[in-house]
Novice: 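So that we are looking at the same thing, I have put the structure below in structure tokens.
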2 protein chains.
Amino acid sequence: MRKRTDPSLLLDEQLCFALYAASRRMTAAYRPLLDALGLTYPQYLVMLVLWERDALTVRELGERLQLDSGTLTPLLKRLEQAGLVGRRRRQSDEREVEITLTQAGDNLRERAAEVPRCMADRLCMSVDAFRHLRDELKTLASQLASPQDPRE
Amino acid sequence: MRKRTDPSLLLDEQLCFALYAASRRMTAAYRPLLDALGLTYPQYLVMLVLWERDALTVRELGERLQLDSGTLTPLLKRLEQAGLVGRRRRQSDEREVEITLTQAGDNLRERAAEVPRCMADRLCMSVDAFRHLRDELKTLASQLASPQDPRE
DNA sequence: AAAATTTATATTGTGCACAATTAAATTTGA
DNA sequence: TCAAATTTAATTGTGCACAATATAAATTTT
């Protein structure tokens, strides 16, 4: 029984730690770029979704980003305070809160356009390698969706 | 100027989001397994490091996991409360706090041995695919280390 | 050796994540 | 039709992450 050398519990062998460490480094790499826009990384993701399609509900944003209202509600209130989005109940269904870009929120897209360019420079990856890794991660994420969870 | 269809700002094109989403799903997949051990995911990582090599300082744990004292100090206090580790200043250098496994912390390793097995079943990946993705993520993380940062 | 600097940890404050609960609006179905 | 079930957000509470600062111990400089 050589417990100490059981490789399955070694940190450097873990896929989960490589993923966790890479994800935090990625967020850290975005930080200076997003600071310049006055956004945090999760706020940037919300803005990406809204730039793609405006006037989504909290639920729709949550489905897209896989985040619940416990995370989104305070985040969206901060974006509202920053003047980037508006929040109002839909008259068609008062349970739903519709999030819309303000003019400032819409304008920010142009300044944000440089963010992916800066990151591409930073990564020094071929377009193929980039896509391949991204798609491997998407596959991994769907593999990890809990069976009884209808998220996908 | 077709702003709306600029692909560089589409959420589904982003490597960063694929990474962020996969990392959160991975943590979520560990949660039920770690709940059974009374650990959170970051606490599990700390235990992995200590099972590999006991009696590390907070700084050494932080270097291994890339976490600072603001994260580790309260986490380690919770592990201490749970009876899994001890914390004491080193007599050789009173600035350093040495973290050691208690008997309970050491014993937990045997129960933790099933965690990687369960996750391997869940992932349904070949050993080669697993290693390849893990090593790609390690390469990505080093690529993202800030130039002036001596972390690697 | 005293002063300045460096190092190690802790503390404070902000912002996620996520589980659990609550409250209100809507839908369903007996 | 109206009570029960469902849906949508918000709230509460815990535990990370991480920046900034504080504090104390050790080391280096003068």
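Just so it is clear, the model here is predicted, and its values are computed rather than measured. Naming: A, B, ... by sequence-line order, numbering from 1 per chain.
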Novice: What is the distance, rounded to the nearest whole Å, between atom CD of A:Glu63 and atom P of D:dT7?
Specialist: 12 Å
Novice: Grab the N/O contacts between the protein and nucleotides 11-15 of chain D below 3.5 Å, and write none if there aren't any.
Specialist:
residue : atom : partner : partner atom : Å
D:dT11  : OP2  : A:Lys77 : NZ           : 2.7

Novice: Determine whether A:Arg88 and A:Thr100 make a side-chain contact, defined as any pair of heavy atoms from C-beta on separated by less than 4.5 Å.
Specialist: yes
Novice: For nucleotides 1-6 of chain C, give me one character per nucleotide, 5' to 3': B if any protein heavy atom sits under 4.0 Å from the base, S if the only such contacts are to the sugar-phosphate, - if neither.
Specialist: ------
Novice: Rounded off to whole Å, could you give me the CE-to-P distance for the B:Met26 and D:dC16 pair?
Specialist: 19 Å
Novice: Starting at atom CG of A:Leu72, determine the distance to atom P of D:dA10, rounded to an integer number of angstrom.
Specialist: 10 Å
Novice: Could you state the atom-to-atom distance from CG of B:Leu76 to C1' of C:dA8 in whole Å?
Specialist: 14 Å
Novice: If you take all heavy atoms of A:Lys138 and B:Ala18, which pair is closest and at what distance?
Specialist: CG-CB, 4.3 Å
Novice: List in chain and number order the residues that pass salt bridge (charged side-chain N to carboxylate O under 4.0 Å, His left out) with B:Asp12, two or more places apart in sequence or in another chain; answer none if no residue qualifies.
Specialist: A:Arg64
Novice: Keeping to residues at least two apart or across chains, list the salt bridge (Lys or Arg N to Asp or Glu O under 4.0 Å) pairs with something in residues 35-46 of chain B.
Specialist: none
Novice: Expressed in angstrom and rounded to an integer, what is the separation of A:Glu94 atom CD from D:dA10 atom P?
Specialist: 12 Å
Novice: Using the rule side chain to side chain donor-acceptor pair (under 3.5 Å), only one of B:Arg95, B:Gln91, B:Arg89 pairs with B:Asp93; which is it?
Specialist: B:Arg95
Novice: Rounded to whole Å, please give me the gap between CD in B:Glu98 and P in D:dA25.
Specialist: 18 Å
Novice: Could you give the CD-to-P distance, from A:Gln91 to C:dT26, as a whole number of Å?
Specialist: 11 Å
Novice: Does C:dA17 have OP1 or OP2 under 4.0 Å away from a side-chain N or O of B:Tyr20?
Specialist: yes
Novice: Measure up the B:Tyr44 and B:Tyr30 rings against each other and bin them: parallel (under 30°), tilted (30 to 60°), perpendicular (over 60°).
Specialist: tilted
Novice: Hey, is the side chain of A:Arg24 poking within less than 4.0 Å of OP1 or OP2 on D:dC18, counting only N and O atoms?
Specialist: yes
Novice: So does B:Arg87 get a side-chain nitrogen or oxygen closer than 4.0 Å to the phosphate oxygens (OP1/OP2) of C:dA10?
Specialist: yes
Novice: Taking CD from B:Glu60 and C1' from C:dT9, how many angstroms apart are they, rounded to a whole number?
Specialist: 14 Å
Novice: Should the heavy atoms of other residues, nucleotides or ligands under 6.0 Å from CZ of A:Arg131 be counted, would the total exceed 12?
Specialist: no
Novice: Of all residues at least two apart in sequence or in a different chain, which pass the side-chain contact (heavy atoms from CB on, under 4.5 Å) check with A:Leu33?
Specialist: A:Val115, A:Cys118, A:Met119
Novice: Please figure out whether A:Leu67 or B:Glu96 has its closest DNA chain C nucleotide nearer the 5' end.
Specialist: B:Glu96
Novice: Have a look at A:Thr57 and say if it touches a base, only the backbone sugar-phosphate, or nothing, with a 4.0 Å heavy-atom cut-off.
Specialist: sugar-phosphate
Novice: Using a cut-off of less than 4.0 Å, is there contact between a side-chain N or O of B:Arg31 and OP1 or OP2 of C:dA19?
Specialist: yes
Novice: Looking at residues at least two apart in the chain, or sitting in another chain, which of them share a salt bridge (charged side-chain N to carboxylate O under 4.0 Å, His left out) with A:Glu13?
Specialist: B:Arg134
